[in-house]
**Student:** 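The following block contains the structure, expressed as structure tokens.
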Protein chains: 2
Amino acid sequence: MKKITIGEAARRSGVKVPTIRYYESIGLLAEPERSEGNQRSYEPSHLHRLAFIRHARELGFEVEAIRTLLALQDDPNQSCASADAIAKARLIEVEQRIRSLTALRTELEVMVEGCGHGRVDRCRVIEVLADHGQCMHPHH
Amino acid sequence: MKKITIGEAARRSGVKVPTIRYYESIGLLAEPERSEGNQRSYEPSHLHRLAFIRHARELGFEVEAIRTLLALQDDPNQSCASADAIAKARLIEVEQRIRSLTALRTELEVMVEGCGHGRVDRCRVIEVLADHGQCMHPHH
DNA sequence: CTACATCCTCTAGCGACTAGAGGTGCAAGA
DNA sequence: TCTTGCACCTCTAGTCGCTAGAGGATGTAG
């Protein structure tokens, strides 16, 4: 029926060909059937799987978390507490990362704005890096 | 005089012992003298260097960027345009990353809030992952 | 039939460390 | 003086999630 080559699967899912093979190698994507000439032959179910994986990766979930989420998806009777916990943990990570990057941004802005574009011995960028005491934020 | 072991250097700089050795191995930190028993013996200049490197790493600069920044610091007559450019590039990266993470946060919030804590077949987390069309943002 | 794109497997590389094995140095207490 | 035990040494390999490349087989269009 609608058997699909790995290249076509890559085009449709937005996941690159070597990455698809990589996902198979780590057991994230089921091994597809092969053609007579040993070429992978995907079915729609594989495309759904790939879309799920891709989306989860874009949201920053680690491969192990995705493995768990996929297993949950396959067993619809299970409680979704695990999925919920994984998503919440990721949310907390993201929030923390945003806070941290926001502090960094402020510090970088100070460095860049303070730069008089002269010589290095008066460069605010180098100064701030050399002397942590000049930081605006005690975030690290 | 004030010769310092690698352990003490680690404690004072906040950089771990294996990381200090790693920085030496990639030429970021100058090789210190050795004791009779072949142990590394650091001087204050090494500690300043380590502080600089650590601070730059915390700001997310890559090792190659730090290598350039350190070279600039060693030659105070040079124009600071390079340092300025490196810092600006990093600032733009950070801003971009914050925007991206903020979009992710929103999407994760929707997932987590929509979760009815029931069974997987009605789990918003799994649903959103499986169907990208349910995303709030077309960021990816 | 011949190009030529696409596919296959396998190994190695990326960045910035981190972990562990197997051995040596050194300072302090008994 | 000896021994305990921590800190140090080098070297290799592993982490994560891919990505690149070699060297060869397959599939398709003209």
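In what follows, every chain begins at residue 1, and chains take the letters A, B, ... in the order their sequences are listed. These numbers come from the heavy atoms of this one structure, side chains and all, not from hydrogens, waters or symmetry mates.
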**Student:** Name all residues meeting the salt bridge (Lys or Arg N to Asp or Glu O under 4.0 Å) criterion together with K16(A); count only those two or more places apart in sequence or in a different chain, and write none if there are none.
**Tutor:**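 Counting only residues at least two positions away or on another chain, K16(A) forms no salt bridge (Lys or Arg N to Asp or Glu O under 4.0 Å).
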
**Student:** Say whether H55(B) and E107(A), considering side chains only, have a donor N or O and an acceptor N or O under 3.5 Å apart.
**Tutor:** yes

**Student:** Does any non-hydrogen side-chain atom of M111(B) lie less than 4.5 Å from one of L129(B)?
**Tutor:** yes

**Student:** Heavy atoms under 4.0 Å, any strand shown: does R34(A) hit a base, just sugar-phosphate, or nothing?
**Tutor:**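 Contact class for R34(A): sugar-phosphate only.
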
**Student:** Taking any heavy-atom pair under 4.0 Å as a contact, classify I26(B): base, sugar-phosphate, or nothing.
**Tutor:** nothing

**Student:** Which residue pairs pass the salt bridge (charged side-chain N to carboxylate O under 4.0 Å, His left out) test when at least one of the two sits in residues 41-51 of chain A, sequence neighbours left out?
**Tutor:** K3(A)-E43(A), R49(A)-D74(A)

**Student:** How would you give the extent of chain A contacts on DNA chain C, as first and last nucleotide 5' to 3' within a 4.0 Å heavy-atom cut-off?
**Tutor:**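 So the contact region on DNA chain C extends dC7(C) to dT9(C).
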
**Student:** Can you find a pair of side-chain heavy atoms, one from V15(B) and one from R57(B), that are under 4.5 Å apart?
**Tutor:**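 Not in contact.
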
**Student:** If you take any heavy atom closer than 4.0 Å to DNA chain C, which residues from residues 16-25 of chain B end up in contact?
**Tutor:**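 The stretch gives K16(B), T19(B), Y22(B), Y23(B) as the residues lying under 4.0 Å from the strand, ordered by number.
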
**Student:** Scan for salt bridge (charged side-chain N to carboxylate O under 4.0 Å, His left out) pairs involving residues 91-101 of chain B, sequence neighbours excluded, and state none if there are none.
**Tutor:**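 Every pair satisfying salt bridge (charged side-chain N to carboxylate O under 4.0 Å, His left out) with a residue in residues 91-101 of chain B: R90(B)-E93(B).
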
**Student:** Which pairs count as side-chain hydrogen bond (donor to acceptor under 3.5 Å, both in side chains) when at least one residue sits in residues 75-85 of chain B, sequence neighbours excluded?
**Tutor:** H117(A)-D84(B), R119(A)-N77(B), D84(B)-K88(B)

**Student:** Looking at residues at least two apart in the chain, or sitting in another chain, which of them share a side chain to side chain contact (heavy atoms under 4.5 Å, CB included) with E64(A)?
**Tutor:** R67(A)

**Student:** Count I, L, V, M, F, W, Y as connected when their side-chain heavy atoms are under 4.5 Å apart, and connections chain through other members. Are I98(A) and I92(A) then in the same cluster?
**Tutor:**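 Result: no, two separate clusters.
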
**Student:** Quick one: list whatever passes salt bridge (Lys or Arg N to Asp or Glu O under 4.0 Å) with R12(B), sequence neighbours left out.
**Tutor:** E8(B)

**Student:** Considering heavy-atom distances to DNA chain D, does R40(B) or E64(A) have its closest nucleotide positioned more toward the 5' end?
**Tutor:**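 The answer here is R40(B).
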
**Student:** Strictly below 4.0 Å, heavy-atom distances to any atom of DNA chain D: list the hits from residues 45-53 of chain B, or just say none.
**Tutor:** none

**Student:** My understanding is that only residues two or more places apart in sequence, or in another chain, count here; which of them pass side chain to side chain contact (heavy atoms under 4.5 Å, CB included) with V17(A)?
**Tutor:**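 V17(A) satisfies side chain to side chain contact (heavy atoms under 4.5 Å, CB included) with I6(A), A10(A), R21(A) only.
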
**Student:** Rounded to whole Å, please give me the gap between CZ in R11(B) and C1' in dC6(D).
**Tutor:** 11 Å

**Student:** Compare all side-chain heavy atoms of Y22(A) with those of L28(A) and state whether any distance is below 4.5 angstrom.
**Tutor:** no

**Student:** Residues two or more places apart in sequence or in another chain: which of them pass side chain to side chain contact (heavy atoms under 4.5 Å, CB included) with E24(A)?
**Tutor:** E31(A), P32(A), R34(A), R40(A), Y42(A)

**Student:** Write down the protein N/O and nucleotide N/O pairs, taken from nucleotides 25-30 of chain D, whose separation is under 3.5 Å; answer none if there are no such pairs.
**Tutor:**
from, atom 1, to, atom 2, distance (Å)
dG27(D), OP1, G37(A), N, 3.2

